[in-house]
Amino acid sequence: MMERKREMGIAHFARRIKQPRGIWVKMAFVVLLGLCFVFFWSFLSSSASTFNVQRESFDDIAEPVSARTKSAHQVSESSKLHERGKVEPGLKSKEGRKVGGSVHKHETKKKKEHAVSHPHKKKDSPKPVVVEEVVVKEDQEHGEAESDDSESNKEDGEEGTESDGSEGESDGNADDSSASVDEEVEEKNEEVTVNEISKKRKRKGPVFDPKAEYIWRLCNTRSKHNYMPCIDNDGLIGRLQSYRHRERSCPKKPVMCLVPLPHDGYDPPVSWPESKSKIVYKNVAHPKLAAYIKKHNWVNDSGEYLTFPQNQTAFNGNVLQYLEFIQEMVPDIEWGKNVRIVLDIGCSESSFVAALLDKDVLTVSLGLKDDLVDLAQVALERGFPTLVSSLASRRLPFPSGVFDTIHCAACGIHWHSHGGKLLLEMNRILRPNGYFILSSNNDKIEDDEAMTALTASICWNILAHKTEEASEMGVRIYQKPESNDIYELRRKKNPHLCKDNENPDAAWYVPMKTCIHDIPSAIEQHGAEWPEEWPKRLETYPEWLTSKEKAIEDANRWNAMVNKSYLTGLGIDWLHIRNVMDMTAIYGGFAASLVKQNVWVMNVVPVHSPDTLPFIYERGLLGIYHDWCESFGTYPRSYDLLHADHLFSRLKNRCKQPSSIVVEMDRLTRPGGWVVVRDKVEILEPLEEILRSLHWEIRMTYAQDKEGMLCAQKTLWRP
C-alpha cells in the first residue's frame with residue numbers, strides 16, 4: 001500500500017513539473033540533486049582524508065641537490081652489472097646500451113634520466129653502480145659554453161671538466177689547459193625549485209661504455225678508401241645522383257666503420273721537406289687523377305712517385321715571378337711580414353702555397369667538394385694545409401675578418417651570381433684593409449662587368465689590374481675598406497648593411513647573408529687594427545683580448561711542456577711529422593710552441609667552447625670551427641699527429657656515441673701516425689681498450705692522481 005502511494009506521489013509530482021507554473025519546482029529539484037551529490041561525494045572521500053595531514057614542520061624533507069652536491073645511492077642487486085657482452089657497431093650491448101647512433105637533431109635535448117658513473121672500476125671485479133644527481137648549470141670550472149642553437153647531432157651532457165693539471169715527470173707544476181679558460185663563461189647562480197631541478201637534470205657518467213667490446217668492419221661506400229662521411233653522398237639517392245653533397249650533410253647514424261686502405265696498399269709518406277717535390281703515388285691513386293696528370297705539366301708520373309717540378313704552376317710561367325709581379329703592383333702586401341695568413345680558393349695545384357711557405361706565409365687551401373680529382377688530397381700528402389668544403393649557401397667555418405689575403409687563380413667561381421653572396425662571404429672573412437687577388441686568363445666581358453659592379457657596391461677598391469706576361473694571366477687586386485664611412489657614401493644601399501644582432505663570427509651551419517657586416521672600429525673589437533708583422537704578432541696580445549693573462553700563461557705552459565716532454569719524452573720521431581691537428585685548441589699555445597719545428601698545425605676550436613679562434617688567427621696561426629660529434633672535412637689519412645687535450649671530458653655525453661670520435665681519429669690519422677691524448681684516467685682507461693681493439697700500439701701511458709696521458713701509434717691493420 002505504501003509503495004503504491006509513493007508511486008502515485010511521484011507521478012503527481014511529474015505532472016506538476018510539466019505544467020508552466022512548475023518552473024520553480026524544477027529549480028528546487030535541481031538544487032536538491034546537487035546537494036545530494038555533494039553529500040554523497042564527501043561521504044566517499046572521507047576514508048581518504050586521513051592521508052591529507054597538514055605538515056607541521058619541514059625537518060624531514062631533504063634539501064634540494066645543489067650544483068656542487070651529489071647524492072649517491074647504491075643500486076639493488078637486480079640492477080648490478082652483468083657480464084660484458086660483445087657489441088657490433090649499431091647493435092646493443094647486453095645491458096641494452098645502444099652502441100650505434102641515431103638521427104642527429106639541430107636542437108639539443110635535455111635528458112631527465114640519471115647516468116651510471118663508475119670512474120675507478122676494476123676490469124674483473126665489477127662493483128655496484130652509482131647513480132649521481134646533478135643540477136644543470138653552466139659550470140664555471142669547466143670553462144665551456146654550451147651552444148643552445150647547435151645544428152649538429154648530439155645529446156647534451158656535461159660541457160667540460162676542469163682537470164687537475166697533472167703532467168709528465170717534467171711537467172708536474174703546470175696547470176691543465178682547461179683551467180686556462182676558467183671564468184670565460186659566466187656561472188649562472190639562479191635558484192631553482194625542486195620541480196625545475198627534476199626537469200633540468202642531465203646525464204653524468206663515463207664517456208665510453210666500459211662493458212662494450214667492438215667488432216670492427218670496413219666501410220662499404222662509393223668513395224671507398226677516400227670516404228669523407230659528411231661530404232660524400234653515399235646514400236641510395238646519392239648513388240644515382242651527385243657524387244657529393246651540395247652542402248655538408250652527415251650520416252644519420254655515427255660512423256662506426258673503418259675506412260679501407262688504398263687498393264694497392266699504403267707506404268710511409270715521404271718526409272718533409274722532400275715531400276714538396278715528390279709523394280708516393282699509390283697513397284693518392286685515383287682514376288681521374290691519372291687522366292688529369294696526362295694533361296698538366298706541374299705534376300709528373302714517375303712510376304712509384306708523383307713529382308712536382310720546382311716553381312712550375314698550372315698556368316704558364318714561374319710561380320716566383322707571379323708572386324713578385326703581385327708585390328710589384330701592391331708593395332704593401334709584403335709577403336711574410338704584412339701578409340701572413342692566406343686563403344687559397346680551389347686548390348687546383350699547390351705551387352702557390354709552396355712558394356709562399358718559403359716566404360713565411362701560411363696558406364690554407366680550400367679544396368671544393370666539386371674537386372673529383374682529389375687534388376686536395378695530393379696537397380695534404382705533400383704537407384700543405386688543406387680543407388675540403390662546399391662553397392654554396394652556408395658560411396665557411398671561419399670567424400670574420402681573419403684572413404690577410406684571399407687568392408683565387410682560375411678557380412672557376414662566378415662570384416657575382418646569386419646576388420653576390422659568395423663574394424660577400426669572402427668580404428666577411430677578409431680582414432679590413434685585406435687583399436682579394438683574382439687571376440684569370442679567360443674573362444668574359446659579361447662576367448668582368450658584373451664583377452666590377454659588385455665590387456663597387458661593397459666598396460672594394462681595385463688597386464691594380466694588369467696582365468702578367470709570362471703566364472698571360474690577368475691579375476686584379478682588390479682591397480677591403482678599413483672603415484664604415486665609405487658605406488654611407490653609396491648612392492644605392494645595395495647590398496644593405498647587416499643588422500646589429502647578426503653575429504659575423506657565427507659560422508657553424510649558418511647560411512650566407514647577402515648583407516655587409518660593419519667594419520670593427522672600437523679597440524675592444526677584433527679586426528679593428530692590422531696585426532703586427534710576423535713573427536712579432538705570434539707573441540703580441542691585442543687590446544681586445546679580455547683574458548690576456550690567461551693567454552700568456554697558456555703560451556708559457558705549452559712551450560715548457562712541448563720542449564721538455566713532447567719533443568723528447570714521447571718517443572715520437574718529429575722528422576716524420578708534418579701535418580698536425582690540435583683537436584681542442586684554446587689560445588693556440590700548443591701550435592705556437594711548435595712554430596720552430598717543420599710542422600703546421602690545424603687548430604680546431606669546438607663549436608661549444610669559448611670562441612678563441614679570432615685570437616689564434618691574430619697570432620698568425622690557422623684554425624677552424626668544428627663539432628666533434630661529426631666527421632671532419634678532410635680526406636682519410638691526412639694527419640701525422642692528433643693532439644687531444646681533455647677533448648672527451650669536455651664532450652662528456654654531448655655526442656650520441658663518443659666511440660665514433662675514436663673511429664674518426666682513426667680515419668684522420670695516417671698509418672704510422674700518432675695520437676696524444678691528455679684527459680682523466682677514467683676516460684683514458686676505456687679509450688686505451690678501444691685503441692687496442694683497433695690494433696693501435698700503445699707507446700706510453702702516464703697517470704698522476706686522476707689525470708693522465710696516452711700516446712698511441714696507428715698500424716696498417718684493417719679488419
Please report the C-alpha distance between Thr405 and Ile437 in whole Å, then the side-chain angles of each, then the deciding distance to 0.1 Å, and finally whether the side-chain contact (heavy atoms from CB on, under 4.5 Å) criterion is met. CA-CA 7 Å; Thr405 297; Ile437 303 174; 3.8 Å; yes
Do any pairs count as a disulfide bond (SG atoms under 2.5 Å apart) and have a residue in residues 510-550, sequence neighbours left out, and if so which ones? Cys498-Cys515
Any pair with a residue in residues 376-391 that passes salt bridge (charged side-chain N to carboxylate O under 4.0 Å, His left out), sequence neighbours left out, goes on the list, sorted by first then second residue, please. Glu381-Arg670
The criterion is salt bridge (Lys or Arg N to Asp or Glu O under 4.0 Å); which residues satisfy it with Arg394, sequence neighbours excluded? none
Taking it one step at a time, do Tyr566 and His643 satisfy ring pair (Phe, Tyr, Trp, His ring centres under 6.0 Å)? CA-CA 11 Å; Tyr566 282 69; His643 182 249; 5.3 Å; yes
Treating Asp404 as the side-chain partner and Arg340 as the backbone partner, does any N or O pair qualify as donor plus acceptor under 3.5 Å? yes
Does the side chain of Asp505 come under 3.5 Å of the side chain of Ser400 through a donor N or O and an acceptor N or O? yes
Ignoring hydrogens and angles, state whether a donor on the side chain of Tyr322 or Ser351 is under 3.5 Å from an acceptor on the partner side chain. no
Holding to side chain to side chain contact (heavy atoms under 4.5 Å, CB included), I want the full list of residues that pass it with Asn598, two or more places apart in sequence or in another chain. Trp272
Say whether, by atom type as modelled, one donor and one acceptor occur between the side chain of Arg490 and the main chain of Pro495 under 3.5 angstrom. yes
For the side chain of Glu664 and the backbone of Trp628, is there at least one donor-acceptor N/O pair under 3.5 Å apart? no
Heavy atoms of Gly401 and Pro432 approach each other most closely as CA-CD, 4.4 Å
Test your reading of the model: is there a side-chain donor-acceptor pair from Asn556 to the backbone of Ile552, 3.5 Å cut-off? yes
So, Trp600 versus Tyr639, ring centres under 6.0 angstrom or not? yes
For His418, look at atom NE2 and say whether over 12 heavy atoms of other residues, nucleotides or ligands are found less than 6.0 Å away. no
Results of side chain to side chain contact (heavy atoms under 4.5 Å, CB included) for Ala528 - residues two or more places apart only: Pro520
By side-chain hydrogen bond (donor to acceptor under 3.5 Å, both in side chains) - contacts of Asn338 (at least two apart): Trp530
Set of ring-ring contact (aromatic ring centres under 6.0 Å, His included) partners for Trp534, sequence neighbours left out: none
Just checking, is any N or O donor in the side chain of Asn433 or Glu482 under 3.5 Å from an acceptor N or O on the other one? yes
Does Glu425 have any salt bridge (Lys or Arg N to Asp or Glu O under 4.0 Å) partners at least two apart in sequence or in another chain, and if so, which? Arg428
Working note: Trp460 + Tyr435, criterion ring pair (Phe, Tyr, Trp, His ring centres under 6.0 Å); need CA distance, chi angles, decisive distance, verdict. CA-CA 9 Å; Trp460 280 13; Tyr435 306 98; over 10 Å; no
What residue pairs, at least two apart or across chains, pass salt bridge (charged side-chain N to carboxylate O under 4.0 Å, His left out) with a residue in residues 593-619? Arg431-Glu618
Between the side chain of Gln525 and the main-chain N/O of Ala522, is any donor-acceptor distance below 3.5 Å? yes
Donor-acceptor contact below 3.5 Å, side chain Arg537 vs main chain Tyr617: yes
Any donor-acceptor pair under 3.5 Å from Asp679 side chain to Phe648 backbone: yes
How far does CG of Leu423 sit from CD1 of Ile458, to the nearest 0.5 angstrom? 4.5 Å
Scan residues 578-594 for pairs that pass salt bridge (charged side-chain N to carboxylate O under 4.0 Å, His left out), counting only residues two or more places apart or in two chains. none
Ser609 side chain to Val605 backbone, donor-acceptor under 3.5 Å: no
Please check: side-chain N/O of Thr386 versus main-chain N/O of Phe384, any donor-acceptor pairing under 3.5 Å? yes
Ala506: which residues meet the side chain to side chain contact (heavy atoms under 4.5 Å, CB included) condition with it, sequence neighbours left out? Arg395, Asn503, Val510
Distance-minimising heavy-atom pair for Pro614 and Trp544: C-CH2, 3.9 Å
Between Asn603 and Gly588 (side chain of the first, backbone of the second, donor and acceptor by atom type, cut-off under 3.5 Å), is there such a pair? no
Sequence neighbours left out, cut at 3.5 Å: what donor-acceptor pairs do the side chains of residues 356-365 make with other protein atoms?
from: Asp358; atom 1: OD1; to: Lys276; atom 2: NZ; distance (Å): 3.3

Work out which heavy atom in Thr612 is nearest to a heavy atom in Ala585; give both atom names and the distance. OG1-O, 4.3 Å
